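Owing to the predicted nature of the structure, the values given are computational and were not obtained by experimental measurement.
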Amino acid sequence: MEASNNEVVYDFPPFLKVYKDGRVERLLGTEVVPPSLEDPKTGVSSKDVVIVPETGVSARLYLPKITHPDQKFPLLVYFHGGGFCIETAFSPTYHNYLNLLVAEANVVVVSVDYRRAPEHFLPIAYEDSWEALKWVLSHSTGQGSETWFNAHSDFDRVFLAGDSAGANIAQNMAIRAGISGLKLLGIVLIHPYFWGVEPIGSEGNDMERKGKVDKLWLHICPTTTGNDDPLINPATDPNLSRLGCNRVLVFVAEKDGLRHRGWFYYETLGKSGWGGVVEIMESEGEDHVFHLFNPSCEKAGDMMKRLVSFLNQDRV
């Protein structure tokens, strides 16, 4: 019986293994760090909140240094990456990165901790993220439960952002926002996890790797229509032109296996009839989410400057 329970039924290195008895072994992204009343390096304050007690959906909030009691900042809702399977809003990788971003850009950040596959298959992560976004926007009248939002967030300058799977979530939340009539200023998609049945660019040069990525999506979203599902391939989404924001910034990396998908999204959105402005920036010689693991390198600094500029454009 023990040998049977130790049988691996799904293995997606270097992320996780799933065993026959239902156990999930995460190989990365399991470490967490607490929030800080005042980060010693940046002066940024952070705290954790529970958004939906029934499901445990929560978030880590970040506030830049306050120099005036009535100071208002852009508001950024951030979705972490990790293939929908690993990492959390409380991991040191994201905590350190968002402390730096908040200090550099002077923005209030909500880092959403959605439930992950395979314990909670997609579309649960999307539903959790939508509930979190609605909760954030419910503070737009200044009468919400979270004082940081009421006192210091400018709801005329609301952005969504994420990396990898988190960028996928941000794109899908922006579609929902557009359909629902909610107002966002812009979205930032960092090395977005998009895919499709037919290979594009260099994807066809390594069909073994493509097969693994194909399998991941089918495993984490068992109700999907396949790898051309609009959730993973926004080029097939009939609502793409209804994207609920005016500006989009896409980041891609030259050595990233998802690079061509980011460019394809940029080109497709530009032709979709959507009325906004889409920009793209490519980091030469870099790989997937390199900026999280080497934030002090020159190319990560270039990304940060572009992101800070994007988040501080004048309101519409």
Less than 3.5 Å apart, any donor N or O on the side chain of Gln71 or Thr67 sitting next to an acceptor on the other? yes

Within 45 degrees of the ring normal and closer than 6.0 Å to the centroid, is that where the cationic atom of Arg242 sits relative to Trp274? no

Which residues, ordered by chain and number, are linked to Val32 in its hydrophobic cluster, where ILVMFWY side chains connect at heavy-atom gaps below 4.5 Å, directly or through other members? Phe90

Any side-chain heavy-atom pair from Arg247 and Glu279 closer than 4.5 angstrom? no

Can you confirm whether or not the ring centre of Phe15 sits under 6.0 Å from the ring centre of Phe12? yes

Would you please name every residue forming a ring-ring contact (aromatic ring centres under 6.0 Å, His included) with His288, sequence neighbours left out? His191

Under 6.0 Å between ring centres, would you say that holds for Tyr114 and His120? no

Sequence neighbours left out, what pairs pass ring-ring contact (aromatic ring centres under 6.0 Å, His included) with at least one residue falling in residues 18-66? Tyr62-His95

Linking Ile, Leu, Val, Met, Phe, Trp and Tyr by side-chain heavy atoms under 4.5 Å, what else ends up with Phe264? Ile200

For Ser180, which residues count as a side-chain contact (heavy atoms from CB on, under 4.5 Å) partner, sequence neighbours excluded? Trp130, Leu182

Carboxylate-amine/guanidinium proximity below 4.0 Å for Glu203 and Arg259: no

Residue set satisfying ring-ring contact (aromatic ring centres under 6.0 Å, His included) with Phe73, at least two apart, ordered chain then number -> none

